[in-house]
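These notes are about the structure you will find just below.
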Amino acid sequence: MAADLPADANPAALDPRAVRRHFARAAPTYDDAAVLQREVGTRMAERLDVIRLAPAAILDAGCGTGHALGELAARFPQARRIALDAVPAMLGAARTKAREHRSLLARLLAPIRAGPRGGSVQFVCGDVTALPFAHARFGMIWSNLVLQWVDNLPLALAEFHRVLEVGGLLTFTTFGPDTLRELRAAFAAVDAAPHVSRFADMHDVGDLLVEAGFADPVLHMEYLTLTYADAGAMVRDLKAIGATNAASGRARGLMGRERWRRAMDALERLRCGGRIPATFEVIHGHAWKVAPTRTAEGLPIVRFERRPSG
């Protein structure tokens with residue numbers, strides 16, 4: 001049975017409650033299955049090598065189990081790190097991981113009794129579309145594979161812009177529309193209900209960044225492919241990281257054994273070299289917050305600088 005939606009509702013729109021529920025269930029299994037997320041995070045971090053930035057505070061927006069916190073501490077040891085996630089179970093896992101890391105670091109540094117302390121880390125439960133922070137709080141926002149699970153992307157980007165200080169950097173990754181195209185095609189042959197989330201196009205993301213007030217957005221896309229021994233392994237992997245169907249128009253009842261078999265058979269027919277592929281279109285992006293050129297009413301801002309005397 002499909003969801004009972006208003007006539008003008010978009011069945012492909014995300015259900016935020018379903019997103020939070022899926023990731024809460026996946027918190028205990030996430031780290032073991034999040035191979036792609038870690039690889040994308042590594043590539044994302046490497047892109048910081050060419051950027052000169054010394055933020056006093058960093059927001060990890062959608063921190064999940066906290067994998068990026070160590071990388072951010074190593075690159076910006078004096079920065080305060082704020083780890084935010086909308087799912088308490090994920091935030092708890094991140095807190096536990098950070099505690100274990102601090103304990104290990106203390107033991108390793110004990111023989112020399114000194115070493116870089118690094119900035120502090122604070123854990124906050126919150127939504128990226130309604131960030132619980134003051135304006136211009138952060139010098140950098142890091143967000144790895146989170147925005148594709150946001151039901152209102154323009155609002156999330158506007159919130160990122162609001163809490164960044166002038167001169168601050170937003171760096172992020174998200175999924176593009178070719179993500180899980182094999183799985184989408186397999187289910188499309190079975191029924192018309194959405195079974196895979198719809199993802200924003202890279203050019204649309206760039207336009208939304210500009211509309212949110214960001215300057216000089218740079219976006220890059222790459223395809224990464226995971227392969228699986230069988231169709232069931234692919235589905236189990238996606239469930240283990242919480243990446244399951246959260247479309248508002250998704251079917252609420254059981255799919256039925258016959259339709260499920262047909263979808264899995266369709267995936268099996270894509271087998272290549274003995275493995276079944278799962279394609280991910282990964283969008284990498286960064287953009288800067290610059291001083292505003294217009295007021296909230298749209299009037300131009302004119303700045304005057306006093307020339308040094310003499």
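- Heavy atoms only, all atoms of each residue included: Ala186 and Ala263 are closest at CB-O, 3.6 Å.
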Fill in: From CA spacing to verdict: side chain to side chain contact (heavy atoms under 4.5 Å, CB included), Val146, Thr174
CA-CA 6 Å; Val146 172; Thr174 187; over 6 Å; no
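- Two residues are said to be in side-chain contact when any heavy atoms from C-beta on lie closer than 4.5 Å; Val40 and Glu222 fail this criterion.
- A donor and an acceptor atom, one from each side chain of Thr173 and His284, are nowhere located under 3.5 Å apart.
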Fill in: Verdict with reasoning, Val282 to Met221, per side chain to side chain contact (heavy atoms under 4.5 Å, CB included)
CA-CA 6 Å; Val282 181; Met221 183 272 287; over 6 Å; no
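- More than 12 non-hydrogen atoms from other residues, nucleotides or ligands lie less than 6.0 angstrom from NE2 of His220.
- A salt bridge is absent between Arg21 and Asp15; no separation between the charged side-chain nitrogens and carboxylate oxygens falls under 4.0 Å.
- One finds the CG atom of Asp216 at 11.0 Å from the CG atom of Leu169 (value rounded to the nearest 0.5 Å).
- Residues Leu72 and Trp142 meet the side-chain proximity criterion, which asks for heavy atoms closer than 4.5 Å.
- Not a single donor-acceptor pair under 3.5 Å links the side chain of Glu211 to the backbone N or O of Pro154.
- Taking hydrophobic clusters as Ile, Leu, Val, Met, Phe, Trp and Tyr residues chained together by side-chain heavy-atom distances below 4.5 Å, Ile276 shares a cluster with Val235.
- Taken together through direct or relayed side-chain contacts under 4.5 Å among Ile, Leu, Val, Met, Phe, Trp and Tyr, Met202 and Leu147 form part of one hydrophobic cluster.
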Worksheet item: Given the rule in the salt bridge (charged side-chain N to carboxylate O under 4.0 Å, His left out) test, do Asp230 and Arg275 qualify, once you have shown the distances and angles that lead to the verdict?
Response: CA-CA 7 Å; Asp230 55 71; Arg275 308 278 291 182; over 6 Å; no
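- Between Ala79 and Pro55, the shortest heavy-atom distance links the atoms CB-O, 3.2 Å.
- A salt bridge links Glu159 with Arg162: the distance from a Lys NZ or Arg NE/NH1/NH2 to an Asp or Glu carboxylate oxygen falls below 4.0 Å.
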Practice prompt. Check step by step if side chain to side chain contact (heavy atoms under 4.5 Å, CB included) holds for Val50 and Arg47.
Written response: CA-CA 6 Å; Val50 297; Arg47 293 175 182 274; 5.8 Å; no
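- The aromatic rings of Trp260 and Phe187 sit tilted, their planes meeting at an angle between 30° and 60°.
- Under the 4.5 Å side-chain criterion, counting only non-hydrogen atoms from C-beta, Leu69 is not in contact with Glu71.
- Both Leu59 and Val124 belong to a single network of hydrophobic side chains, linked directly or stepwise wherever heavy atoms of I, L, V, M, F, W or Y lie under 4.5 Å apart.
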Worksheet entry | Phe280 vs Leu180, side chain to side chain contact (heavy atoms under 4.5 Å, CB included): CA-CA, chis, key distance, verdict | CA-CA 6 Å; Phe280 294 85; Leu180 294 175; 3.7 Å; yes
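- A salt bridge links Glu258 with Arg261: the distance from a Lys NZ or Arg NE/NH1/NH2 to an Asp or Glu carboxylate oxygen falls below 4.0 Å.
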Item to complete: Starting from the C-alpha separation in whole Å, work towards a yes-or-no answer on salt bridge (charged side-chain N to carboxylate O under 4.0 Å, His left out) for Glu268 and Arg271.
Response: CA-CA 5 Å; Glu268 287 289 346; Arg271 188 179 291 275; 2.6 Å; yes
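- Here the OG1 atom belonging to Thr65 is positioned 11.0 Å from the CG atom belonging to Leu91, to the nearest 0.5 angstrom.
- The closest side-chain heavy-atom distance from Leu209 to Leu219 is below 4.5 Å.
- Hydrophobic clustering (side-chain heavy atoms under 4.5 Å, transitive across Ile, Leu, Val, Met, Phe, Trp, Tyr) groups Phe172 together with Leu164.
- Counting all heavy atoms, side chain and backbone alike, Thr171 lies closest to His286 at CA-CB, 4.1 Å.
- Taking CZ of Arg80 as the reference point, atom CZ of Arg137 lies at 6.0 Å (rounded to 0.5 Å).
- With hydrogens and angles ignored, the 3.5 Å screen pairs no side-chain donor or acceptor of Thr179 with any backbone N or O of Phe175.
- Met234 contributes atom CE, which lies 7.0 Å from atom CG of Leu238 (distance to the nearest 0.5 angstrom).
- With hydrophobic clusters built from ILVMFWY side chains whose heavy atoms lie under 4.5 angstrom apart, Leu157 does not share a cluster with Trp288.
- A side-chain donor-acceptor contact under 3.5 Å links Lys289 to the backbone of His161.
- Under the 4.5 Å side-chain criterion, counting only non-hydrogen atoms from C-beta, Val150 is not in contact with Leu14.
- Closest heavy-atom contact between Leu84 and Gly126: CD2-O, 3.4 Å.
- Considering all non-hydrogen atoms of both residues, Val210 and Pro217 come closest at CG2-CG, 3.9 Å.
- For the atom pair CD of Glu281 and CG of Asp178, the computed distance is 5.0 Å after rounding to the nearest 0.5 Å.
- To the nearest 0.5 Å, the span separating CG on Asp32 from CD1 on Ile241 amounts to 12.0 Å.
- Between the side chain of Arg25 and the backbone N or O of Gly242 there is no donor-acceptor pair closer than 3.5 Å.
- When side chains are defined from C-beta on, Glu182 counts as touching Pro277, because their heavy atoms get closer than 4.5 Å.
- Phe123 is not listed as a side-chain neighbour of Asp85, based on a closest heavy-atom distance of 4.5 Å or more.
- There is no side-chain donor-acceptor pair under 3.5 Å between Gln37 and His67.
- Note: Phe23 and Tyr30 have tilted aromatic rings, judged against thresholds of 30 and 60 degrees for the angle between ring planes.
- Shortest non-hydrogen contact noted between Ile283 and Ala200 is CD1-O, 3.7 Å.
- In this structure, Ile58 and Ile82 have side chains that are not in contact, with every pair of non-hydrogen atoms separated by 4.5 Å or more.
- Of the possible donor and acceptor atoms, one in the side chain of Arg184 sits under 3.5 Å from a partner among the backbone N and O of Ser197.
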